[in-house]
Amino acid sequence: MRIATWNVNSITARLPRLLAWLESSGTDVLCVQETKCAESAFPYEPLRELGYEAAVNATGRWNGVALLSKAGLTDITVGLPGGPDYDGGQEPRAIGATCGPVRLWSVYVPNGREIGHPHYDYKLRWLEALRTTVAQDAAGERPFAVLGDFNVAPTDEDVWDRAAFDGLTHVTDLEREALAALRDSGLSDVMPRPLKYDRPFTYWDYRELGFPKNRGMRIDLVYGNEPFAKSVDDAYVDREERKGKGASDHAPVVVDLEV
DNA sequence: ATGACTCTTCATAAGAGA
């Protein structure tokens, strides 16, 4: 079973590449982030024609997550129960479902913007709510994973140059501690192989030739419980999908499971 | 040597991304 996570940076803008990639990669379940379109405008039909059911949590211009599955899609949970509000409401950043033998969450963790910004505190509270929400499944016997854009680089090795991030979000102790608390609920970091260079970056800024210079970050993560992690055959970052015109700034992370 | 981001929308500038 092939599972993947991909921040597509607009599912509308990415649709041709998304459809082509789903077919060429043979992905059974894709966790999508940053759909950036209203649920009413979600491209259900072309995905259905490829054999995918879709569960969507999206409201419009910002954020938005989805699960696309050829392996079943049941027990859908839209949003984090009891999750924090930002600017007076919950944002569409999480969706969970059971896809055949596995239970999965597709998550888009808040960016945080700047240290001390209200969005940074919101990010920390959001990660705590995620930990609470998944604790029971994380400790369970069924293969379970949280996949998505976590907007945190777990270690200094996960950014191209730690000094370039001094004073910025994504690398701070508090963010990393929040991630560590999530792992402590029974999840481990499924580390993908890089297909080029030494580190499996998943995001490269569009600006200043970030991708050609490999100025990347590993912020798209797969956190699986023990039954999930034990079933992993292979995992890699498909950096080919970051190439060329019309690419997202994130590459898909692909996980092959023996289930 | 050059030029140096992309996406969306109560759009033609601004916010967000990281």
Self-check item: Aromatic contact, A:W21 with A:W6 (centres under 6.0 Å)
Solution: yes
Quiz prompt | Distance flag, aromatic centroids of A:Y122 and A:H119, threshold under 6.0 Å | solution = yes
Quiz item: Dot-bracket for DNA chain B, 5' to 3', counting Watson-Crick or G-U wobble pairs under 3.5 Å, with [ ] for crossing pairs and | for inter-strand pairs?
Solution: ....(((((...))))).
Exercise. Would you indicate whether A:K213, at its atom NZ, is surrounded by more than 12 heavy atoms from other residues, nucleotides or ligands within a distance under 6.0 Å?
Key: yes
Quiz item: With rounding to whole Å, what would you report as the distance between B:dA16 and B:dG3 at their C1' atoms?
Solution: 24 Å
Self-check item: Sugar-phosphate only, base, or nothing, as touched by A:F211 at under 4.0 Å among non-hydrogen atoms
Solution: nothing
Quiz item: What are the two closest non-hydrogen atoms of A:V107 and A:Q33, and how far apart are they?
Solution: O-CG, 3.2 Å
Self-check item: d(CD1, A:I115; P, B:dA18) in whole Å
Solution: 16 Å
Practice problem: Could you tell me whether A:F211 and A:Y206 have their ring centroids closer than 6.0 angstrom? | Solution: no
Exercise. Using only side-chain N and O atoms of A:S10, determine if any of them is under 4.0 Å from OP1 or OP2 of B:dT8.
Key: yes
Practice problem: Return no unless some side-chain N or O of A:N9 is found under 4.0 Å from OP1 or OP2 of B:dC7. | Solution: no
Practice problem: Would you mind reading off the distance between A:E208 atom CD and B:dT2 atom P, rounded to a whole angstrom? | Solution: 18 Å
Self-check item: Span that lies between the C1' atom of B:dT2 and that of B:dT12, in whole angstrom
Solution: 28 Å
Quiz item: Hey, quick one: are A:V78 and A:V109 part of the same hydrophobic cluster, counting side-chain heavy atoms closer than 4.5 Å, chains of contacts allowed?
Solution: no
Quiz item: With rounding to whole Å, what would you report as the distance between B:dA11 and B:dT6 at their C1' atoms?
Solution: 16 Å
Quiz item: With ring centroids as reference points, do A:H170 and A:F165 lie under 6.0 angstrom apart?
Solution: no
Exercise. Scan A:D249 against the nucleic acid and name what it touches under 4.0 Å (heavy atoms): base, sugar-phosphate only, or nothing.
Key: nothing
Self-check item: Interatomic distance where CZ belongs to A:R242 and C1' belongs to B:dA18 [whole Å]
Solution: 12 Å
Quiz prompt | Distance, C1' atom - from B:dC10 to B:dG15, rounded to whole angstrom | solution = 15 Å
Quiz prompt | Between B:dG17 (P) and A:E114 (CD): distance, integer Å | solution = 11 Å
Practice problem: State whether A:R113 places a side-chain N or O below 4.0 Å from either non-bridging phosphate oxygen (OP1 or OP2) of B:dA16. | Solution: yes
Quiz item: Hey, is the side chain of A:H250 poking within less than 4.0 Å of OP1 or OP2 on B:dA18, counting only N and O atoms?
Solution: yes
Quiz item: Taking the same atom, C1', in B:dA1 and in B:dA13, what whole-Å distance lies between them?
Solution: 32 Å
Quiz item: Rounded to whole angstrom units, what separation is found between the CD1 atom of A:I11 and the P atom of B:dT8?
Solution: 12 Å
Quiz item: 5'-most contact on DNA chain B: A:F165 or A:L209, nearest heavy atom basis?
Solution: A:L209
Exercise. Using the C1' atom on both, measure B:dT9 against B:dA4 and round to a whole Å.
Key: 26 Å
Quiz prompt | Proximity to the side chain of A:H119 - top-ranked nucleotide from B:dG17, B:dA18, B:dC7 | solution = B:dG17
Practice problem: Please examine the side chains of A:F144 and A:L187, heavy atoms only from C-beta on, and report whether any two atoms are closer than 4.5 Å. | Solution: yes
Quiz item: Rounded to whole angstrom units, what separation is found between the CH2 atom of A:W62 and the C1' atom of B:dA11?
Solution: 12 Å
Quiz item: At under 4.0 Å, does any side-chain N or O of A:Y206 touch on OP1 or OP2 of B:dA16?
Solution: no
Quiz item: Hey, is the side chain of A:N7 poking within less than 4.0 Å of OP1 or OP2 on B:dA18, counting only N and O atoms?
Solution: yes
Quiz item: When all nucleic acid strands are considered with a 4.0 Å heavy-atom cut-off, which category describes A:R215: base, sugar-phosphate, or nothing?
Solution: nothing
Exercise. Please state how far atom CG in A:N111 lies from atom P in B:dT6, giving the value in whole angstrom units.
Key: 19 Å
Quiz item: From the list B:dC7, B:dG15, B:dA18, which nucleotide is the closest neighbour of the side chain of A:D149?
Solution: B:dA18
Quiz prompt | Nearest-Å distance for atom pair CG/C1', residues A:D220 and B:dA18 | solution = 11 Å
Practice problem: State plainly whether one hydrophobic cluster holds both A:W126 and A:L174, where clusters connect Ile, Leu, Val, Met, Phe, Trp and Tyr through side-chain heavy atoms under 4.5 angstrom apart. | Solution: no
Exercise. Return the nearest nucleotide to the side chain of A:R61; candidates are B:dA14, B:dA18, B:dC7.
Key: B:dA14
